[in-house]
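Data first, discussion second: the structure below is written as structure tokens.
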Amino acid sequence: MWFNILLVFLLVFSFPIVGPLNSAYLALFLALWKVVSKKRLNRVIYLFRNKYIKLLMVSSFLMVCLSAIWTKWMGANDMELTRAMFSMLVGVILSVIIISALDFKEFTTDFAEKLLVDVFVVQGLISIGSFTVPAIKDIVHHFQFDDSAPADDYYFFIRGMAMSGRLYFELAATCGLITFVQFKRIMGMQKVSYMEYIKLFLVIICGFFAGRTSMIGIVFGVGYVILYKGESKRKLRLFSKLGLTLLACVLMVVAILPASVISLITDTLAPWLFDLIIKYNETGSTEDSASFNALNEMYEYVQITDEEWVIGSGHYIDKEYGGYYKSVDGGYIRQLLYWGTIGSFFAYIYGLLYFIKPIRLCRNRNDKLYIFLILIYTFFVHYKGELAVTSRFYHVPVIMLMLPYVLKRVKRVRSKNGTDRHSYSVG
């Protein structure tokens, strides 16, 4: 179990280790060693032959080619989007090899979801330790990229606590996804221990230190519970236990943490996290929320030429001043500015390919709802930043979540915790 967590942790968070060595490639090395030593090459071959995986690999390769041709055609010579699409292709390949190396009897939905939740629980514990103990934070900073320190300073030293190659938007969005996944897991269990609620809060806390975007995952999780086809008693039990666990966690925090840390949470972290809600409650408007308005203004005031609306500019970054082209980071605007409406159409078709086949093959209503809400969540959060098309960090967990739905189904079984799950053949 711990080997599984280590391998997926190294893959998902892709943090620097020494020099050019990235944790994802350390995961690849360990996975290849496991595949060879345990004679699991048949698993690797089986997964690479899967139509879903082949579709993702081929489409990723085509997007690499298309983006390279596009920027050359436009005379921009900006290869950043091409590099991002190549990273997506690498993400698919790494995911297949590392999944093949995991220890499991059957690669089930329950197995993949539990493993991802546990990985983010570990990251949540690291974030809490980094926030409360300066010595841990110093160690964690050694496993972050050099550009994390200025952003950490800018956000009052309450962000950038994770051992991760992505510390802000992409990490926050992925924490939101895994928060939603844990809501789904709890809802599907017949008997739920309080440990599962504690895990939920640890994933939420991990997201808090990454960004406010993560809270959208809570909204989608609650929405899934409301729309879930099942007993109302189960839903009421979930919310009541959720409330009791929250109360217990708050009391424990007050009892354990020093006054200085509690003051930092109440005076800095909480107002920053709930800025939008606080401003709306105080003024009846969101206009005083600087972050929310800055995002909307990017969409409202960015200057887009007629040519850019149709075929874009071929620019993804601003080579003269640095940062994003025209200083906007909204996902839909960035795609539009790069290759216009025409190119964006192909880009979003590519983003949809991660979900179409799993939804089509699903027979269970609640599973269809679950996958559909992940799709909506992905494209909803894409409004804030580039996520639905180019984020390997986000899509690696998505591949792990979707893969059980497209593998050959063998049988339906009942797990020890009472969760309905499906057993799938992986070669």
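Sequential numbering from 1 along the given sequence is applied to the chain's residues. Values reported hereafter were calculated over all heavy atoms of this structure, with side chains retained and with hydrogens, waters and symmetry mates removed.
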- prompt: If every non-hydrogen atom of T108 is compared with every non-hydrogen atom of F111, which pair is closest and at what distance?
  reply: OG1-N, 2.9 Å
task: Identify the two heavy atoms, one from I136 and one from S130, that lie closest to each other, and give their separation to 0.1 Å.
output: CG2-N, 3.7 Å
query: Would you say the ring centroid of F131 lies under 6.0 angstrom from that of F209?
result: yes
field: Student check: side-chain heavy atoms of L337 and I333 closer than 4.5 Å
entry: yes
4.5 Å side-chain heavy-atom contact, L200 and V117: no
query: When rounded to the nearest 0.5 angstrom, what distance separates CH2 in W339 from CD1 in I69?
result: 10.5 Å
message: Can you confirm if the aromatic rings of Y332 and Y348 lie within a centre distance of less than 6.0 Å?
response: yes
message: F345: which residues meet the ring pair (Phe, Tyr, Trp, His ring centres under 6.0 Å) condition with it, sequence neighbours left out?
response: none
- prompt: Are any non-hydrogen side-chain atoms of I216 and F180 less than 4.5 angstrom apart?
  reply: no
task: Kindly say whether V35 contributes a backbone atom to a donor-acceptor pair with the side chain of R43 at under 3.5 angstrom?
output: no
query: Between F220 and F183, does the ring centre distance come in under 6.0 Å?
result: no
- line: Sequence neighbours excluded, the answer for side chain to side chain contact (heavy atoms under 4.5 Å, CB included) partners of F48 is V44, I53, M57, I93, V96, I97
message: Has H395 got a side-chain atom pairing as donor or acceptor with S391's backbone, closer than 3.5 angstrom?
response: yes
Pair V203-V181, side chain to side chain contact (heavy atoms under 4.5 Å, CB included): steps then yes or no: CA-CA 10 Å; V203 175; V181 169; over 6 Å; no
- request: Answer whether the closest heavy-atom distance between the side chains of L81 and Q335 falls below 4.5 Å.
  value: yes
message: Closer than 3.5 angstrom, by distance alone: can the side chain of T82 be matched with the main-chain N or O of A68 as a donor-acceptor pair?
response: yes
- request: Kindly check if the number of other-residue, nucleotide or ligand heavy atoms within 6.0 Å of CG (D306) is above 12?
  value: no
message: Around atom CZ of F61, are there more than 12 heavy atoms from other residues, nucleotides or ligands closer than 6.0 Å?
response: no
field: Listed once per pair and sorted, the salt bridge (charged side-chain N to carboxylate O under 4.0 Å, His left out) pairs that draw on residues 48-73, sequence neighbours left out
entry: none
task: Show your reasoning for whether ring pair (Phe, Tyr, Trp, His ring centres under 6.0 Å) applies to Y354 and Y350.
output: CA-CA 8 Å; Y354 285 81; Y350 168 76; 5.6 Å; yes
- prompt: Can you find a heavy atom in the side chain of L55 that is under 4.5 Å from one in the side chain of V58?
  reply: no
task: Please find out if less than 6.0 Å separates the ring center of Y228 from that of Y370.
output: no
message: Nearest 0.5 angstrom please: F379 CZ to I374 CD1, how far?
response: 13.0 Å
query: Among pairs that include at least one residue of residues 77-99, which meet salt bridge (charged side-chain N to carboxylate O under 4.0 Å, His left out), considering only residues two or more places apart or in two chains?
result: E80-R83
task: Look at the side chain of T341 and the backbone N and O of W309, then say whether any donor-acceptor pair between them is shorter than 3.5 Å.
output: yes
Identify every side-chain donor-acceptor pair in residues 122-129 under 3.5 Å, counting partners at least two apart or on other chains, and give the distances.
unit_1, atom_1, unit_2, atom_2, d
Q123, OE1, M163, N, 3.0
Q123, NE2, M163, O, 3.1
S127, OG, Q123, O, 3.0

field: Rounded distance [0.5 Å steps], CE in M63 versus SG in C65
entry: 10.5 Å
field: Atom OH of Y383: over 12 foreign heavy atoms under 6.0 Å
entry: yes
- request: Could you tell me whether K357 sits above the aromatic face of Y52, with NZ or CZ closer than 6.0 angstrom to the six-membered ring centre and within 45 degrees of the axis?
  value: no
task: State whether the side chain of T71 and the backbone N or O of G314 hold a donor-acceptor pair below 3.5 Å, judged by distance alone.
output: yes
- prompt: Can you name the salt bridge (charged side-chain N to carboxylate O under 4.0 Å, His left out) partners of E308, sequence neighbours left out?
  reply: K326
field: Residue pairs fulfilling salt bridge (charged side-chain N to carboxylate O under 4.0 Å, His left out) with at least one residue in residues 117-133, sequence neighbours excluded
entry: K114-D118, D118-K199
field: I226 versus K235, closest heavy-atom pair with distance
entry: O-NZ, 2.9 Å
task: Inspect the surroundings of CZ in F3 and state if more than 12 heavy atoms from other residues, nucleotides or ligands are less than 6.0 Å away.
output: yes
- prompt: Among V192, V222, I186, whose side-chain contact (heavy atoms from CB on, under 4.5 Å) with L238 holds?
  reply: I186
When the side chains of residues 12-22 are checked against the rest of the protein, which donor-acceptor pairs come out under 3.5 Å, sequence neighbours left out?
unit_1, atom_1, unit_2, atom_2, d
S14, OG, L11, O, 2.9
S14, OG, R392, NH2, 3.4
N22, OD1, A24, N, 2.8
N22, ND2, S14, O, 3.3

message: Show every salt bridge (charged side-chain N to carboxylate O under 4.0 Å, His left out) that has at least one partner inside residues 327-343, sequence neighbours left out.
response: none
query: Side chains of W73 and I311: does their closest heavy-atom pair fall under 4.5 Å?
result: yes
- prompt: Is any side-chain heavy atom of L47 less than 4.5 Å from a side-chain heavy atom of L403?
  reply: yes
Listed partners of Y394 passing ring pair (Phe, Tyr, Trp, His ring centres under 6.0 Å), at least two apart: none
message: In the structure I gave you, are the side-chain heavy atoms of K184 and D367 within less than 4.5 Å of one another anywhere?
response: yes
- prompt: Rounded to the nearest 0.5 Å, how far apart are CD of Q182 and CG of L177?
  reply: 12.0 Å
task: State which residues pass side-chain hydrogen bond (donor to acceptor under 3.5 Å, both in side chains) with H315; sequence neighbours excluded, sorted by chain then number.
output: none
- line: Applying side chain to side chain contact (heavy atoms under 4.5 Å, CB included) to T245 and not counting sequence neighbours gives Y194, Y197, I198, F201, C249
